[in-house]
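In what follows, a single structure is set out as structure tokens and then discussed.
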Number of protein chains: 2
Amino acid sequence: MPTTSCDRQHDVYDASCPCRQVLDLLANKWSALALGALEDGPRRFGALRDRLDGVSPKVLTATLRKLEDQGLIDRTVFPSVPLHVEYSLTPLGADACAPLAALRQWVVANIDRFPDQAAVARAS
Amino acid sequence: MPTTSCDRQHDVYDASCPCRQVLDLLANKWSALALGALEDGPRRFGALRDRLDGVSPKVLTATLRKLEDQGLIDRTVFPSVPLHVEYSLTPLGADACAPLAALRQWVVANIDRFPDQAAVARAS
DNA sequence: CACCGTAGTACCTTTCGGAAACTAATAAGC
DNA sequence: GCTTATTAGTTTCCGAAAGGTACTACGGTG
């Protein structure tokens, strides 16, 4: 467990600053996609699994748990039958969506400027 | 190797879209920090290692190679003595800095709204 | 020739991540 | 009453990737 005690002002470049942990959480493919998937309203586990094409249930669970622990999303259980669990953004999570959406949109808008991904993979 | 052939329009939510690989590269702690560290001019390997507090040389090398492969940074070797290697942003990399800087800055600006990191770690 | 600085690599351990199977709770159908 | 279906995961297994520490390569300097 790393120490998380940065005095002075906050700085993501300081390994011991809590900012670093938060950046590590948000600067992550699945976190960025999951938060984006919740932007227009709560969604259930299965809906998120479908939307986040390619994610395994194990990783999705882990991602959602981390986001919940950090106060970015809420997890609400409806004890109906069958069981029903809804994930939704907290105010903090909703605010975090802005920079993440910007990143996702930048990627889509600029994808044609990147080299062919198959060629990059071969070169390794 | 995943297939990287998404026809139709581009979408980061599609696992087979090249967007997904690019998002995976950019939505990464070390990539976000490394590109930010190059924002105000070229830097050498050692300078980056110092700036990216906590990064090991191996991980830094891997991160820089991936960014280079994707055309986000340039690697210039100066055959001076001792050897001198300079990393700098390409135009594409410079453009990518904007959303990444926004994300880093959002984290710093909102860090006080997050739960205490030590408490989160204990709860696991 | 030992030593320095720079930019990495080699080796090894640990963790992550993916696929598939399995669980729990309950209800509907036969 | 037994089987099947649904939802939301968990468990297990295993290969891939991340990560840390120590070492190497290179050429000059003292």
Side-chain angles (χ1 to χ4, degrees), chain A residues 1-3 15-16 20-21 23-34 37-38 42-69 73-88 120-124, chain B residues 1-4 14-16 20-21 23-34 37-38 42-70 73-88 121 124:
Chain A
M1 183 172 64
T3 55
S16 66
R20 180 63 79 79
Q21 267 95 329
L23 179 68
D24 200 15
L25 173 68
L26 292 181
N28 168 281
K29 180 178 51 173
W30 296 128
S31 293
L33 292 173
L38 296 172
R43 279 184 187 244
R44 295 166 58 175
F45 185 87
L48 289 171
R49 191 184 43 206
D50 294 344
R51 179 89 177 106
L52 274 63
D53 187 27
V55 74
S56 68
K58 174 183 166 178
V59 171
L60 181 56
T61 301
T63 301
L64 294 171
R65 286 278 186 284
K66 277 187 267 182
L67 292 173
E68 189 192 358
D69 290 346
I73 63 176
D74 279 328
R75 178 176 181 272
T76 310
V77 179
F78 296 86
S80 59
V81 169
L83 184 65
H84 175 134
V85 178
E86 219 171 63
Y87 293 91
S88 57
V120 170
R122 271 197 304 279
S124 69
Chain B
M1 181 173 65
T3 55
T4 60
D14 179 352
S16 65
R20 180 62 78 78
Q21 267 94 327
L23 179 68
D24 200 16
L25 173 68
L26 292 180
N28 168 281
K29 179 178 54 176
W30 295 129
S31 292
L33 292 172
L38 295 173
R43 279 184 188 245
R44 295 165 56 175
F45 185 87
L48 289 171
R49 191 185 42 206
D50 294 344
R51 180 89 177 106
L52 274 62
D53 187 27
V55 75
S56 70
K58 176 183 170 175
V59 172
L60 181 56
T61 300
T63 300
L64 293 172
R65 286 281 186 281
K66 277 187 267 183
L67 292 173
E68 190 192 357
D69 290 346
Q70 295 288 346
I73 62 175
D74 279 327
R75 179 175 179 272
T76 311
V77 179
F78 295 85
S80 59
V81 170
L83 183 65
H84 175 134
V85 177
E86 219 171 64
Y87 293 92
S88 57
S124 70

Atom CG of B:Leu64 and atom C1' of D:dA18: how far apart are they, to the nearest Å? 16 Å

Report the distance from atom CG of B:Leu83 to atom P of D:dG27, rounded to the nearest whole Å. 10 Å

At under 4.0 Å, does any side-chain N or O of B:Arg75 touch on OP1 or OP2 of C:dG8? yes

By the 4.0 Å heavy-atom rule, please label B:Tyr87 as base, sugar-phosphate, or nothing. sugar-phosphate

List for me each residue that meets salt bridge (Lys or Arg N to Asp or Glu O under 4.0 Å) alongside B:Lys66, sequence neighbours excluded, and say none if there are none. none

Could you work out how much the helix from C:dC1-D:dG30 to C:dC30-D:dG1 bends, comparing the axis of its first five pairs with that of its last five, to 10°? 30°

Would you kindly give the NZ-to-C1' distance between A:Lys58 and D:dT12, to the nearest whole Å? 9 Å

Check whether any side-chain nitrogen or oxygen of B:Arg43 sits under 4.0 Å from OP1 or OP2 of C:dA7, and answer yes or no. no

If we check side-chain contact (heavy atoms from CB on, under 4.5 Å) with A:Ser31, which of these qualifies: A:Leu67, A:Ile73, A:Leu64? A:Leu67

Whichever of A:Pro82 and A:Arg65 has its nearest DNA chain D nucleotide further upstream toward 5': A:Pro82

Rounded to whole angstroms, how far apart are NE2 on B:His84 and P on D:dG27? 17 Å

From A:Leu48 CG over to A:Tyr87 OH, what is the distance, rounded to the nearest 0.5 angstrom? 8.0 Å

Could you tell me how far apart A:Arg49 (CZ) and C:dA20 (C1') are, to the nearest whole angstrom? 13 Å

With respect to the side chain of A:Thr61, which nucleotide from D:dT21, C:dG8, D:dT10 is positioned closest? D:dT10

Quick one: B:Asn28 CG to D:dG19 P, roughly how many Å, whole number? 8 Å

Show the nearest heavy-atom pair for residues B:Ser16 and A:Asp53, with the distance to one decimal. N-OD2, 4.4 Å

Compare every heavy atom of B:Ala37 with every heavy atom of B:Arg43, then report the nearest pair and how far apart it is. NE-O, 2.8 Å

Have a look at A:Arg44 and say if it touches a base, only the backbone sugar-phosphate, or nothing, with a 4.0 Å heavy-atom cut-off. sugar-phosphate

Name the nucleic acid region contacted by A:Lys66, choosing base, sugar-phosphate or nothing; use a 4.0 angstrom heavy-atom cut-off, strictly under. nothing

The residue, B:Glu86 or A:Val55, whose nearest nucleotide of DNA chain C is more 5′ is B:Glu86

Rounded off to whole Å, could you give me the CG-to-P distance for the A:Leu48 and D:dA8 pair? 9 Å

Which atom of A:Val77 lies closest to which atom of A:Pro79, heavy atoms considered: O-CD, 3.6 Å

Both B:Val85 and A:Val59 contact DNA chain C. Which one's nearest nucleotide lies toward the 5' end? B:Val85

How far does OG of A:Ser88 sit from CG of A:Asp74, to the nearest 0.5 angstrom? 4.5 Å

For the pair made of CZ in B:Arg20 and P in C:dG17, what is the distance, rounded to whole Å? 13 Å

